[in-house]
Asker: 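Have a look at this one before I ask anything.
Computed from heavy atoms alone, side chains included, the values below leave out hydrogens, waters and symmetry copies.
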Amino acid sequence: MKFRVYQLFYLAALALLIASLFMPVTQYIESNGATSVVTNFSILQPDGTYSYTVCALGVVLVFTALVNVFALLLSFFQNFELQKRVAILGVLLLTGYYLLLLIVSLLMIEGVGMTMEVATILPFIALILYVMSFLSTRRTEAKILATAAGFRLRD
């Protein structure tokens, strides 16, 4: 079985999404030194309690990972039109993830310092990989159509 370039992009994006699910996204440091840690599913308050108000971030990443698995399975059947649509859906979902992260950050930033963690950039790299897989899918489809056009019977 031969892997194509866009399938490798899907695999790399899936690995990045899964890695970012389990890592802290941001930390908020208050003026007295108390630190709140935000993950994709919860906020660890300075007093040790958990708040699950940000679970939408994790839900969007889990849904994006499921869409990525569907795109990877779909790529084995070479349905290029549906693959391109699924890649666009992945791009839209990751854009929505960053909009949600921006909203959460703006709501929590009052009077505190914020530090970004590595997990903040991983979905962005996955977003770039989605765009690259979309372009690679288009290129592969064009190569197959050009090869098929070369085998026409001439009258």
Asker: Answer whether the closest heavy-atom distance between the side chains of Val38 and Leu101 falls below 4.5 Å.
Answerer: no
Asker: Rounded to the nearest 0.5 Å, how far apart are CE of Met132 and CZ of Arg139?
Answerer: 9.0 Å
Asker: Supply the atom-to-atom distance Phe77 CZ to Leu82 CG, rounded to the nearest 0.5 angstrom.
Answerer: 11.5 Å
Asker: Taking it one step at a time, do Thr39 and Ser42 satisfy side chain to side chain donor-acceptor pair (under 3.5 Å)?
Answerer: CA-CA 5 Å; Thr39 64; Ser42 64; 3.3 Å; yes
Asker: Tell me whether Val62 shares a hydrophobic cluster with Val69, the cluster being built from Ile, Leu, Val, Met, Phe, Trp, Tyr side chains joined at under 4.5 Å.
Answerer: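 Yes.
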Asker: CG of Leu14 to CG of Leu66: how many Å apart, nearest 0.5 Å?
Answerer: 9.0 Å
Asker: Which heavy-atom pair separates Thr26 from Tyr28 by the least distance, and what is that distance?
Answerer: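 What the structure gives for the nearest pair is OG1-CE1, 3.4 Å.
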Asker: Going from OH on Tyr98 to OG1 on Thr120, what distance comes out if it is rounded to the nearest 0.5 angstrom?
Answerer: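 Reported to 0.5 Å precision, the distance equals 6.5 Å.
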Asker: Which heavy atom of Val86 sits nearest a heavy atom of Ala71, and at what distance?
Answerer: CG1-CB, 3.4 Å
Asker: Calculate, to the nearest 0.5 Å, the distance between atoms CD and CD1 belonging to Gln78 and Ile144 respectively.
Answerer: 4.5 Å
Asker: Looking at every non-hydrogen atom in both residues, tell me the closest pair between Val37 and Pro24 and how far apart they are.
Answerer: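 Here Val37 and Pro24 meet closest at CG1-CB, 3.7 Å.
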Asker: Grouping I, L, V, M, F, W and Y whenever their side-chain heavy atoms are under 4.5 Å apart, do Ile88 and Phe63 come out in a common cluster?
Answerer: no
Asker: Hydrophobic cluster membership, with links at side-chain heavy-atom distances under 4.5 Å among I/L/V/M/F/W/Y: are Leu11 and Leu127 in one?
Answerer: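 Linked within one cluster.
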Asker: Mind running side-chain contact (heavy atoms from CB on, under 4.5 Å) on Phe9 and Leu135 for me, showing each step along the way?
Answerer: CA-CA 11 Å; Phe9 288 147; Leu135 296 174; over 6 Å; no
Asker: Is Met116 reachable from Val25 through a run of hydrophobic residues whose side-chain heavy atoms are each under 4.5 Å from the next?
Answerer: yes
Asker: Can you give me the closest heavy-atom contact between Ala19 and Leu122, atom names plus distance?
Answerer: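 So the minimum-distance heavy-atom pair works out to CB-CD1, 4.2 Å.
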Asker: Counting C-beta onward and ignoring hydrogens, is there a side-chain heavy-atom pair between Pro46 and Glu30 closer than 4.5 Å?
Answerer: yes
Asker: Does any N or O in the side chain of Ser136 come within less than 3.5 Å of the main-chain N or O of Ser133, such that one atom is a donor and the other an acceptor?
Answerer: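 Such a contact is absent between Ser136 side chain and Ser133 backbone.
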Asker: So does Ser20 get a backbone contact from the side chain of Asn40, meaning a donor-acceptor N/O pair under 3.5 Å?
Answerer: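 Here the side-chain-to-backbone pair exists.
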Asker: Could you pull out the closest heavy-atom pair between Gly90 and Thr64, with the gap in Å?
Answerer: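 Shortest heavy-atom contact: O-CG2, 4.3 Å.
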Asker: Classify the angle between the aromatic ring planes of Tyr6 and Tyr10 as parallel (below 30°), tilted (30 to 60°) or perpendicular (above 60°).
Answerer: perpendicular
Asker: Is any side-chain heavy atom of Leu21 closer than 4.5 Å to one of Leu17?
Answerer: no
Asker: Quick one: do Phe124 and Val104 end up in the same hydrophobic cluster if we chain Ile, Leu, Val, Met, Phe, Trp and Tyr together by side-chain heavy atoms under 4.5 Å apart?
Answerer: yes
Asker: Exactly one of Thr95, Val54, Leu57 should register a side chain to side chain contact (heavy atoms under 4.5 Å, CB included) with Leu100. Which one does?
Answerer: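 Testing each of Thr95, Val54, Leu57 against Leu100, the sole residue satisfying side chain to side chain contact (heavy atoms under 4.5 Å, CB included) is Leu57.
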Asker: So Thr137 and Gln83, side chain to side chain donor-acceptor pair (under 3.5 Å) or not? Walk me through it.
Answerer: CA-CA 7 Å; Thr137 302; Gln83 277 179 286; 4.6 Å; no
Asker: What residue pairs, at least two apart or across chains, pass salt bridge (Lys or Arg N to Asp or Glu O under 4.0 Å) with a residue in residues 81-98?
Answerer: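 The answer is Glu81-Lys84, Lys84-Glu141.
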Asker: What's the separation between atom CZ in Phe80 and atom CG in Leu74, rounded to the nearest 0.5 Å?
Answerer: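 It comes to 10.0 Å.
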Asker: How far apart are the closest heavy atoms of Ile43 and Ser36, and which atoms are they?
Answerer: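 Nearest heavy atoms, Ile43 then Ser36: CG2-CB, 4.4 Å.
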